[in-house]
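By convention here, the first residue in the shown sequence is residue 1.
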Amino acid sequence: MAGEKLYEGKAKIIYTTDDSAVLLTYFKDDATAFNAQKRGQIADKGKINCAISTYLFQQLEAAGVPTHWLETTSDREMRVKALTIIPLEVVVRNIAAGSLCRQTGLPLGQVINPPLVEFYYKNDDLGDPLLTPDRMRLMALATEEQIETLRRQAEHINQILTAFFASCAITLVDFKLEFGLDADQRILLGDEISPDTCRLWDQSTQDETQRVMDKDRFRQDLGQVEQAYQRVLERVMAQASQH
Ligand code: TMP
């Protein structure tokens, strides 16, 4: 049972429940980009992202990655463990795209090996700036030990997700993770893992526009946004049914 609305974000609403250690996450169809300067809706995105996130959280849990996921209770809602969110966006990059290309001049599509793990400050007013280890220390956003744990978890998650998406004929280009602390100060993976938070390229085409199966279709007005999200879901579910 949903209680009070605790927080409404750009893509999800968080409600309290009758258990203070548990929250309810509701996945909306709203989409934003460029720090909410661009706004829109993607039909059924909430349902698609809820289903994809559910499956990926289950896979990660099975591989020993602790996550906030407890139970998916409807086609847009999941019960999650209440976390104190660490205000960092942890981005893992396997292939150069997006802000990395804009900021470094690396060509789109260049393979990055070993993968890059980056930390951004989760702060909309500041536009989520890229942090350095010294800045993280200065700002006391997390301890050195916590940052090492985040890096190791992100690398482990990348290995699991890269292999899984490859089995769906999808290249995991990059993605963003958020973590939080539970009541025992344990670091758990939070938020969602979906075409909103990952760059996913269809391996069946090399065409730079056609291959995009993620929120870049919305960011860059490439069209066929719903269809791309739906195709990701279909491929994930086809794999899921084989296990
Ligand atoms: P970037 O190239 O724009 O820095 O994005 C890197 C990855 O992080 C990409 O998969 C999209 C994801 N991302 C989010 O999930 N939320 C955000 O606010 C941003 C900027 C990126």
So do [Y] and [X] actually touch side chain to side chain, heavy atoms under 4.5 Å?
| X | Y | answer |
| --- | --- | --- |
| Pro87 | Asn123 | no |
| Tyr121 | Asp128 | no |
| Leu141 | Phe119 | no |
| Ser53 | Leu56 | no |
| Gln203 | Ile170 | no |
| Leu200 | Phe165 | yes |
| Pro133 | Ile147 | no |
| Asn49 | Pro195 | yes |

Pair [X], [Y]: side-chain N/O donor-acceptor within cut-off below 3.5 Å:
| X | Y | value |
| --- | --- | --- |
| Asp29 | Gln41 | no |
| Thr67 | Glu61 | yes |
| Asp134 | Thr132 | no |
| Glu145 | Thr143 | no |
| Ser99 | Arg93 | yes |
| Tyr120 | Glu118 | yes |
| Asn158 | Thr162 | yes |
| Tyr229 | Asp44 | no |

What orientation do Phe164 and Tyr55 show, parallel under 30°, tilted 30 to 60°, or perpendicular over 60°?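 It falls in the tilted class, 30° to 60°.
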Atom of [X], atom of [Y] and distance for their closest heavy-atom approach:
| X | Y | answer |
| --- | --- | --- |
| Arg76 | Gly46 | NH1-CA, 3.5 Å |
| Lys10 | Ala36 | CD-CB, 4.0 Å |
| Ala142 | Leu88 | CB-CD1, 4.4 Å |
| Phe57 | Gly190 | CZ-O, 3.6 Å |
| Ala82 | Ser20 | CB-O, 3.8 Å |
| Ser194 | Ile52 | CA-CG2, 4.4 Å |

Could you measure the distance from the [atom1] atom of [X] to the [atom2] atom of [Y]? Nearest 0.5 Å is fine.
| X | Y | atom1 | atom2 | result |
| --- | --- | --- | --- | --- |
| Met78 | Trp69 | CE | CH2 | 7.5 Å |
| Thr84 | Gln185 | OG1 | CD | 7.0 Å |
| Cys50 | Glu192 | SG | CD | 9.5 Å |
| Gln110 | Leu100 | CD | CG | 9.0 Å |
| Gln230 | Ile42 | CD | CD1 | 12.5 Å |
| Arg219 | Asp214 | CZ | CG | 6.5 Å |

Please walk me through it: do Asn94 and Ile112 pass side-chain contact (heavy atoms from CB on, under 4.5 Å)? CA-CA 5 Å; Asn94 297 303; Ile112 303 170; 5.8 Å; no
Verify side chain to side chain donor-acceptor pair (under 3.5 Å) between Thr16 and Glu4, making sure each step is shown before the conclusion. CA-CA 5 Å; Thr16 59; Glu4 285 166 50; 5.0 Å; no
Salt-bridge present ([X], [Y]; N to O < 4.0 Å):
| X | Y | answer |
| --- | --- | --- |
| Lys176 | Asp191 | yes |
| Arg231 | Glu234 | no |
| Asp207 | Arg211 | no |
| Lys45 | Asp196 | yes |

Verify side-chain contact (heavy atoms from CB on, under 4.5 Å) between Val65 and His156, making sure each step is shown before the conclusion. CA-CA 8 Å; Val65 176; His156 186 203; 3.7 Å; yes
Consider only side-chain heavy atoms of I, L, V, M, F, W and Y, link residues closer than 4.5 Å, and tell whether [X] and [Y] are in one cluster.
| X | Y | answer |
| --- | --- | --- |
| Leu181 | Leu6 | yes |
| Val117 | Val91 | no |
| Leu188 | Phe175 | no |
| Val173 | Ile193 | no |
| Val236 | Leu177 | yes |

Show, in sequence, the C-alpha distance, side-chain angles and deciding distance for Thr171 and Ile95, and conclude whether the side-chain contact (heavy atoms from CB on, under 4.5 Å) test is met. CA-CA 9 Å; Thr171 299; Ile95 292 182; 3.6 Å; yes
Arg39 atom CZ, over 12 foreign heavy atoms within 6.0 Å: no
Sort out for me which residue in Arg137, Glu89, Met136 forms a side chain to side chain contact (heavy atoms under 4.5 Å, CB included) with Leu131.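 The single option meeting the side chain to side chain contact (heavy atoms under 4.5 Å, CB included) with Leu131 is Met136.
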State which residue, out of Val22, Leu24, Val80, fulfils the side chain to side chain contact (heavy atoms under 4.5 Å, CB included) condition with Leu70. Val22
Could you tell me whether Lys47 sits above the aromatic face of Phe27, with NZ or CZ closer than 6.0 angstrom to the six-membered ring centre and within 45 degrees of the axis?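 Ring-cation test returns no.
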What's the verdict on side-chain contact (heavy atoms from CB on, under 4.5 Å) for Gln220 and Arg217, showing C-alpha distance, side-chain angles and the deciding distance? CA-CA 5 Å; Gln220 300 170 21; Arg217 299 207 76 85; over 6 Å; no
Verdict with supporting geometry, Asp202 and Arg235, salt bridge (Lys or Arg N to Asp or Glu O under 4.0 Å): CA-CA 10 Å; Asp202 187 349; Arg235 292 209 201 164; 3.0 Å; yes
With salt bridge (Lys or Arg N to Asp or Glu O under 4.0 Å) as the test, would you mind laying out the steps for Asp221 and Lys38 before giving the verdict? CA-CA 11 Å; Asp221 293 318; Lys38 179 180 171 85; 2.7 Å; yes
Could you go through Arg199 and Asp216, starting from their C-alpha distance and side-chain angles, then the distance that decides it, and tell me whether this counts as salt bridge (Lys or Arg N to Asp or Glu O under 4.0 Å)? CA-CA 7 Å; Arg199 284 198 174 91; Asp216 273 349; 2.6 Å; yes
